[in-house]
Amino acid sequence: MSKANVKKSALITGITGQDGAYLAEFLLNKGYDVYGFLARRGSDTLWRLRYLNILEDVKLIDGDLLDMSSIIRALEISKADEVYNLAAQSFVGTSWQQPVLTTQVTGFSVVNVLEAIRLVNVKIKFYQASTSEMFGKTNETIQSEDTVFHPRSPYGVAKMFGHYITINYRESFGIFGCAGILFNHESPLRGIEFVTRKVTDAAARIKYGIQKKLYLGNIDAQRDWGYAKDYVEAMWLMLQQDAPDDYVVATGKTSTVREMCETAFSYAGLNYKDYVEIDPKLYRPAEVERLLGNPAKAKEKLGWQHKTGMKELIELMVEADLKRIKNGL
Ligand code: NDP
Ligand code: GDP
């Protein structure tokens with residue numbers, strides 16, 4: 001086999017999460033050997049890989065982001081050309097209840113992966129899952145790579161460490177490290193604790209008469225919501241460029257939680273006003289009121305743009321939840 005034909009190998013931390021599963025599917029379709037870093041848990045975490053029917057195609061390696069020796073082992077076994085660091089305590093709400101764990105897993109662990117790369121093979125390309133939550137209480141109406149960060153949660157603060165340590169290892173050791181500043185992205189594989197999935201699941205349950213009300217917090221918050229399946233391609237594209245860089249990945253459109261509810265319920269033939277109630281306990285100690293990303297750089301340099309807008313995304317999520325509930329799952 002000529003060098004150009006040698007199969008590339010990728011290691012995905014967080015392969016059991018929403019993005020990890022879609023990225024694994026995407027890389028398998030590109031002909032990669034896909035390895036996933038698997039944390040030990042008391043319950044089954046492989047449902048997303050089963051849903052996409054790729055569990056048999058990926059190679060799972062036990063380990064935990066908090067344990068650098070297990071990352072080194074995974075790099076040695078996988079002989080990875082590319083590492084996608086998607087593992088995190090990723091829910092903003094939980095980050096106030098478990099701030100220390102969030103800081104350690106979502107923040108400090110990033111240096112474990114970068115150090116492991118530096119020790120094993122400095123040529124490994126590295127993707128860090130940065131987030132629009134880093135913009136937080138921003139003054140800019142539309143946020144780009146140049147917008148000043150003002151994180152509002154322990155999650156956002158932890159992600160800032162991951163973001164800057166990635167840039168620092170790039171500048172210090174020449175590691176090909178890219179940080180993707182991704183705005184909210186959702187799918188039928190989104191965790192039920194996030195607001196889109198909580199809403200689409202509730203709309204489907206209410207439709208089938210197994211739930212009566214949906215309790216939400218701040219429904220005036222605005223988010224730039226895209227489809228996870230579109231967004232994993234941008235991660236890959238970043239690592240295929242001649243030089244490492246950081247990119248905003250977004251749709252360029254924002255909607256309120258209220259508008260998203262309206263879309264979900266009306267797709268199920270319901271009026272959200274009849275079912276949604278506000279529970280003040282669901283308000284956050286500090287809120288990110290409005291996020292709207294400018295994806296111009298990703299479009300110009302990566303040739304990437306989103307394919308799926310909020311309405312289509314929410315409708316496909318409701319459709320998937322209706323189907324799942326109908327099948328008794
Ligand atoms: P998920 O919460 O769905 O997945 C998180 C993954 O991290 C899971 O596979 C989880 O494993 C794993 N994980 C958690 N702790 C550890 C640990 N200590 N060691 C090893 N693995 C661990 O997140 P998403 O797929 O939605 O997001 C992927 C990444 O992108 C995250 O870093 C997130 O913060 C970031 N991001 C996400 C956005 C979004 O809108 N989805 C927006 C911007 C950034 P297990 O299943 O065993 O718990
Ligand atoms: P986040 O942007 O990563 O925090 O994603 P979420 O989906 O968790 O939250 C998006 C927005 O929805 C935030 O501004 C929340 O305050 C708001 N929101 C309102 N009600 C709820 C709720 O019941 N659950 C969640 N998760 N968010 C809610």
Side-chain angles (χ1 to χ4, degrees), residues 12-24 36-49 61-67 70-71 74 84-95 101-102 104-107 109-110 112-113 127-136 152-153 155-156 158-159 162-163 179-187 189-199 202 214-228 231-232 235 248-250 256-258 260-261 276-279 281-291 293:
I12 303 173
T13 75
I15 196 165
T16 56
Q18 170 188 258
D19 292 7
Y22 281 119
L23 179 65
F37 198 52
L38 184 68
R40 186 174 167 75
R41 303 281 188 238
S43 57
D44 180 24
T45 56
L46 300 173
W47 64 274
R48 292 182 174 97
L49 298 173
I61 303 171
D62 285 342
D64 196 293
L65 223 54
L66 294 169
D67 176 11
S70 68
I71 305 170
Y84 295 86
N85 187 36
L86 309 185
Q89 189 304 94
S90 73
F91 185 49
V92 170
T94 296
S95 79
L101 181 92
T102 303
Q104 285 166 343
V105 174
T106 305
S109 290
V110 183
N112 284 343
V113 185
Y127 173 86
Q128 169 59 18
S130 289
T131 168
S132 55
E133 286 293 320
M134 300 188 306
F135 296 123
R152 292 278 275 172
S153 61
Y155 169 79
K159 281 286 184 185
H163 186 75
I181 308 172
L182 270 56
F183 282 62
N184 297 53
H185 47 279
E186 323 290 313
S187 74
L189 300 186
R190 186 63 144 152
I192 203 88
E193 64 276 30
F194 294 89
V195 76
T196 52
R197 189 69 209 297
K198 182 172 171 180
V199 167
L214 169 62
Y215 294 94
L216 294 174
N218 176 16
I219 61 173
D220 294 317
Q222 291 173 267
R223 289 292 182 275
D224 179 333
W225 279 296
Y227 186 21
Y231 283 33
V232 296
M235 301 175 183
V248 159
V249 176
T256 59
V257 173
R258 188 193 301 276
M260 184 271 293
C261 280
V276 171
E277 294 198 0
I278 302 303
D279 180 351
K281 288 198 292 297
L282 294 170
Y283 275 72
R284 291 175 171 178
E287 178 63 289
V288 173
E289 292 292 348
R290 183 173 188 273
L291 292 173

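These figures come from a predicted structure and were not determined experimentally. Counting starts at 1 for both ligands and their atoms, in listed order.
Taking CD1 of Ile15 as the reference point, atom CG of Leu46 lies at 9.5 Å (rounded to 0.5 Å). The line from CG of Asn184 to OH of Tyr231 is 8.5 Å long, rounded to the nearest 0.5 Å. Here the CG-NZ distance, from Leu282 to Lys198, works out to 4.5 Å after rounding to the nearest 0.5 Å.
The protein heavy atom nearest to atom 25 (C) of ligand 2 is Val195 CB, 3.7 Å. Looking only at protein heavy atoms, the nearest one to atom 5 (O) of ligand 2 is Asn184 ND2, 3.4 Å. Looking only at protein heavy atoms, the nearest one to atom 16 (O) of ligand 2 is Glu287 OE2, 2.6 Å. In this structure, the protein non-hydrogen atom closest to atom 20 (N) of ligand 2 is Gly217 N, 2.8 Å.
In this comparison of Val257, Val92, Ile278, the heavy atom closest to atom 12 (O) of ligand 2 sits on Val257. Taking each of Arg190, Lys198, Glu193 in turn, the one with a heavy atom nearest to atom 23 (O) of ligand 2 proves to be Lys198. Heavy-atom proximity to atom 6 (P) of ligand 2, evaluated over Glu186, Arg284, Arg223, Glu133, is greatest for Arg284. Around atom 19 (C) of ligand 2, the closest heavy atom drawn from Val276, Asn218, Leu216 belongs to Asn218.
Residues satisfying the salt bridge (charged side-chain N to carboxylate O under 4.0 Å, His left out) test with Glu287, not counting sequence neighbours, are Arg223.
Using the six-membered ring where Trp is involved, Tyr127 and Tyr84 have ring planes that are tilted, between 30° and 60° apart.
The two residues Gly156 and Met134 come nearest to each other via the heavy atoms O-CG, 4.1 Å. Closest of all the heavy-atom pairs between Val276 and Cys261 is CG2-SG, 4.4 Å.
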| request: Applying side-chain contact (heavy atoms from CB on, under 4.5 Å), run through Asn218 and Glu289 and close with a yes or a no. | output: CA-CA 9 Å; Asn218 176 16; Glu289 292 292 348; 3.4 Å; yes

Walk me through whether Gln128 and Val113 qualify under side-chain contact (heavy atoms from CB on, under 4.5 Å). CA-CA 10 Å; Gln128 169 59 18; Val113 185; over 6 Å; no

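Near ligand 1, heavy-atom contacts under 4.0 Å come from Gly14, Thr16, Gly17, Gln18, Asp19, Ala39, Arg41, Thr45, Asp64, Leu65, Leu86, Ala87, Ala88, Ser90, Val105, Ala129, Ser130, Thr131, Tyr155, Lys159, Leu182, Phe183, Asn184, His185, Arg190.
Residue-ligand proximity, Ala221 to ligand 2, at heavy-atom distances under 4.0 Å covers atoms 14 (O). Heavy-atom proximity to Phe91, at under 4.0 Å, picks out these atoms of ligand 2: 8 (O), 26 (N).
Side chains of Gln89 and Thr106: a donor-acceptor N/O pair is absent below 3.5 angstrom, by distance only. No hydrogens or angles considered: nothing links the side chains of Asp64 and Ser70 as a donor-acceptor pair under 3.5 Å.
Neither the backbone nor the side chain of Tyr155 has any atom closer than 4.0 Å to an atom of ligand 2 (non-hydrogen atoms only).
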